[in-house]
Trainee: 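Dropping the structure in here first, questions after.
Numbering of ligands and ligand atoms starts at 1, following listing order.
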Amino acid sequence: MKICVLPGDGIGPEIMEQALRVLEAVRGDGFDFVVEKALIGGCAVDATGTPYPEATSKLAKEADAILLGAVGGPQWDSLPREQRPERGLLAIRKELNLFANLRPAILYPELANASTLKPEVVSGLDILIVRELTGDIYFGQPRGIREENAERVGFNTMVYSESEIRRIGKVAFEAARKRGKKLCSVDKMNVLECTQLWRDVMIELSADYPDVELSHMLVDNAAMQLVRAPKQFDVMVTGNMFGDILSDEASMLTGSIGMLPSASLDANNKGLYEPSHGSAPDIAGKGLANPLATILSAAMMLRYTFNLEAHATRIETAVKKVLAAGYRTGDIYEAGTRSVGTKEMGDAVIASL
Ligand code: IPM
Ligand code: MG
């Protein structure tokens, strides 16, 4: 199995190192792999002038799966838009047709106090956000900033075709079918035509999934419900921009965005796996970052792309044990637990494996 590894910027390389050590520790029993590393994001801009170089694109296309750390940092924020690290991420998602972004938000019981919400509101939380990743206002044309009546006007286009909505809808219904059989589709149909179509297509699709209970929620209400009573949700499905926002919100329910993995899949389950968090430039290079989201992303890769459920579960169980044993990086630390750095957290997971 060929894994293209893209450590990226900021804390990316440190957390990736731990994820690779964990993968090495579960090698065997049908899991054998080679790693090919490449540049993406700011480090790629520095080395080649572009955030998604041709060599990276080639390796990513040839690989069976891609494991990514994080991209971005303040030193690249003033570059022209085309050269910003985030563009690398958007480009690889688009080029590889990774339209289905799965972002699970699970609260490990040991971290109930790390959440800013009351423990009883979040304990037992297990939500899956299915975010469409290659359409919407992120990619819609026309876009830009133009001059009009002697002032600048900024514009973007929110656009979804029926087929784009249907294919992400299917992924979400299928996922709900394997979980609690409840799907909440999030839109803004009271204002935006594009999302009226979204709702209509979800309703049409629901005829094929009589065993899944479909509900709808406007995005503003969904944002509120996520902090009011998050356990009402099982699977949520939404467009690219609403999904971006709601998945960050959902991540905080679990105590730390440093815990959340993600998978971005194409129609054949080839995937890009990355932590949901960013490159955390403020703590980069200090050995403080939480590697668990990346380690859990590697577990998702084993499950979704390589069909190695037992290997995936082994890693997830090891992570649970490490939390139960009290190991905590700074982002999830509380009094009475054991404060560790990035590498020690990796060591603990490997020991527990
Ligand atoms: C994410 C990130 C990206 C996005 C950025 C870095 C382009 O926020 O993966 O959620 O908006 O999709
Ligand atoms: Mg985001």
Trainee: Does the distance from a Lys or Arg side-chain N to an Asp or Glu carboxylate O, for Glu148 and Arg146, drop under 4.0 Å?
Mentor: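 Yes, charged N to carboxylate O under 4.0 Å.
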
Trainee: Checking contacts here: is it the side chain or the backbone of Arg103 that comes within 4.0 Å of ligand 1, counting heavy atoms only? Could be both or neither.
Mentor: side chain

Trainee: Less than 4.0 angstrom from a charged side-chain N to a carboxylate O is my criterion; do Arg21 and Glu24 meet it?
Mentor: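 Not counted as a salt bridge, because no side-chain N and carboxylate O are separated by less than 4.0 Å.
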
Trainee: How would you list all residue pairs meeting salt bridge (charged side-chain N to carboxylate O under 4.0 Å, His left out) that involve residues 95-124, not counting sequence neighbours?
Mentor: Lys61-Glu95

Trainee: I want to confirm something. Looking only at heavy atoms, which of Arg131, Glu86, Arg87 is nearest to atom 7 (C) of ligand 1?
Mentor: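 Ranked by closest heavy atom to atom 7 (C) of ligand 1, first place is Glu86.
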
Trainee: Before accepting this row, confirm whether a basic side-chain N of the pair Asp211/Lys181 lies closer than 4.0 Å to the acidic partner's carboxylate O.
Mentor: no

Trainee: Do NZ/NE/NH1/NH2 and the carboxylate oxygens of Lys58 and Glu54 come within less than 4.0 Å?
Mentor: no

Trainee: How far is atom 11 (O) of ligand 1 from its nearest protein heavy atom, and which residue and atom is that?
Mentor: Tyr138 OH, 2.5 Å

Trainee: Surrounding CZ of Arg228 (heavy atoms of other residues, nucleotides or ligands, distance under 6.0 Å), is the total greater than 12?
Mentor: no

Trainee: Does Asp244, backbone or side chain, put an N or O under 3.5 Å from an N or O of ligand 1?
Mentor: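 So ligand 1 has an N or O lying under 3.5 Å from an N or O of Asp244.
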
Trainee: Establish, from distance only, whether the side-chain atoms of Glu132 and Thr134 form a donor-acceptor pair under 3.5 Å.
Mentor: yes

Trainee: Check His277 against ligand 1 and report side chain, backbone, both or neither, counting heavy atoms closer than 4.0 Å.
Mentor: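 No part of His277 comes within reach of ligand 1.
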
Trainee: How many angstroms lie between CG in Leu89 and CD1 in Ile40, if you round to the nearest 0.5 Å?
Mentor: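 If we round to the nearest 0.5 Å, Leu89:CG and Ile40:CD1 are 6.0 Å apart.
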
Trainee: Do the ring planes of Phe31 and Phe306 sit parallel (below 30°), tilted (30 to 60°) or perpendicular (above 60°)?
Mentor: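 Correct class here is tilted.
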
Trainee: Mind listing the protein N/O/S atoms less than 2.8 Å away from the Mg ion (ligand 2)? Waters don't count.
Mentor: Asp244 OD1

Trainee: With a 4.0 Å heavy-atom cut-off (strictly under), which part of Arg93 contacts ligand 1: side chain, backbone, both or neither?
Mentor: side chain

